[in-house]
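Only one structure is covered here, and it is reproduced in the block below.
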Amino acid sequence: QVQLVESGGGLAQAGGSLRLSCAAPGRTLRTYAMGWFRQAPGKDRDVVAAIRWSGGMTYYADSVKGRFTISRDNAKNTVYLQMNSLKPEDTALYYCAVDEVRTTMAAWVAGVRRGLGSWGQGTQVTVSS
């Protein structure tokens, strides 16, 4: 189990920006990938973006491509989600997740969605129109 500490989120207007952070203190993440998922009321938890720690390969949901950017800071063991051009439909509870890498990023996302890996406590993002 990997402890994850999330921060960021809050309230933004449509078209605005927010940045989420997720730290994994004291862990070696070389063989891991980390990502962000979100869950709106009454909906399933869906992937937003993910990044492979070694090499930096990324994965984005179609709905956020061109607006959100996932990145990592090796020295701080932290992954960031920069969210620009926010829309009301981005409103959700955002969760950070970490798990060992899979053969593809799509396989990693599928594994985490099945319950593998570790999750953060969630941080609320609310976008007003």
Side-chain angles (χ1 to χ4, degrees):
Q1 199 78 2
V2 178
Q3 180 188 9
L4 298 174
V5 181
E6 299 168 350
S7 60
L11 178 64
Q13 291 188 334
S17 299
L18 287 172
R19 189 176 81 157
L20 306 181
S21 300
C22 178
R27 296 291 302 210
T28 300
L29 298 173
R30 187 173 62 252
T31 60
Y32 286 78
M34 293 180 72
W36 290 95
F37 292 70
R38 66 186 180 186
Q39 187 168 19
K43 296 188 176 181
D44 293 335
R45 188 176 299 187
D46 289 327
V47 65
V48 177
I51 186 166
R52 185 168 178 160
W53 204 263
S54 178
M57 182 182 297
T58 58
Y59 178 102
Y60 291 96
D62 288 342
S63 60
V64 306
K65 284 180 181 178
R67 300 189 299 123
F68 291 10
T69 302
I70 191 168
S71 62
R72 75 208 189 287
D73 185 322
N74 291 335
K76 297 182 179 180
N77 268 19
T78 299
V79 66
Y80 302 98
L81 184 68
Q82 179 65 44
M83 304 184 293
N84 298 329
S85 302
L86 283 163
K87 304 176 181 180
E89 50 263 43
D90 294 318
T91 295
L93 191 58
Y94 283 69
Y95 295 90
C96 179
V98 62
D99 194 21
E100 294 188 8
V101 298
R102 300 282 186 266
T103 52
T104 66
M105 289 304 293
W108 183 89
V109 169
V112 173
R113 290 191 69 184
R114 289 198 305 271
L116 300 177
S118 301
W119 292 84
Q121 77 280 5
T123 184
Q124 179 67 38
V125 171
T126 302
V127 183
S128 62
S129 57

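Heavy-atom basis, side chains included; hydrogens, waters and symmetry copies ignored. Quick caveat, the model's predicted, so the values are computed rather than measured.
Atom OG of S128 is separated from atom CG of L86 by 10.0 Å, given to the nearest 0.5 angstrom. Note that CE of M34 is 8.0 Å distant from CD1 of I70, once rounded to the nearest 0.5 Å. The CG atom of D90 sits 11.0 Å away from atom OG1 of T126, with the distance rounded to the nearest 0.5 Å. In this structure, the separation between OH on Y94 and CG on L81 is 7.5 Å, given to the nearest 0.5 Å. We find the CZ-CE distance between R52 and M105 to be 8.0 Å, quoted to the nearest 0.5 Å. The line from CH2 of W119 to SG of C96 is 9.0 Å long, rounded to the nearest 0.5 Å.
V101 and V109 fall into different hydrophobic clusters, defined by Ile, Leu, Val, Met, Phe, Trp and Tyr side-chain heavy atoms under 4.5 Å apart, directly or through other members. Under the 4.5 Å side-chain heavy-atom criterion for ILVMFWY residues, a single connected hydrophobic cluster contains both V125 and V64. Residue W36 is not grouped with residue Y59 when hydrophobic side chains (ILVMFWY) are merged at heavy-atom distances under 4.5 angstrom, including chains of intermediate members.
A donor-acceptor contact shorter than 3.5 Å is absent between the side chain of Q39 and the backbone of L93. Between the side chain of S118 and the backbone N or O of V2 there is at least one donor-acceptor pair closer than 3.5 Å. In this structure, Y60 contributes its side chain and A50 its backbone to no donor-acceptor pair below 3.5 Å. Of the possible donor and acceptor atoms, none in the side chain of D44 sits under 3.5 Å from a partner among the backbone N and O of D46. Looking only at distances, no side-chain donor or acceptor of T58 sits under 3.5 Å from a matching main-chain atom of I51.
Ring planes of W108 and F37: tilted class, angle from 30 to 60°.
Of all heavy-atom pairs spanning A23 and T78, the tightest one is CB-OG1, 3.5 Å. The shortest non-hydrogen separation linking D73 to A75 is OD1-N, 3.0 Å. Residues N84 and S17 approach most closely at OD1-OG, 2.9 Å, considering heavy atoms. In this structure, S63 and R38 approach most closely via the heavy-atom pair OG-NH2, 3.5 Å. Between G9 and L20 the shortest heavy-atom distance is N-CD2, 3.0 Å. Across S71 and V79, no two heavy atoms sit closer than the pair O-CG2, 3.0 Å.
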Passes side chain to side chain donor-acceptor pair (under 3.5 Å), R27 versus Y32? Steps please. CA-CA 10 Å; R27 296 291 302 210; Y32 286 78; 3.2 Å; yes
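At a threshold of 4.5 Å between non-hydrogen side-chain atoms, the residues R102 and L116 count as touching. Counting heavy atoms from C-beta outward, W53 and N74 have side chains that approach closer than 4.5 Å. Put simply, the side chain of R72 does not reach to within 4.5 Å of the side chain of Y80, judged on heavy atoms.
Applying the 6.0 Å contact sphere to CD of Q3 captures no more than 12 heavy atoms from other residues, nucleotides or ligands. The number of heavy atoms from other shown groups lying within 6.0 Å of CD (Q13) does not exceed 12.
A salt bridge links D62 with K65: at least one charged nitrogen is closer than 4.0 Å to a carboxylate oxygen.
No option in M83, K87, Q82 other than K87 meets the side chain to side chain contact (heavy atoms under 4.5 Å, CB included) test with R67.
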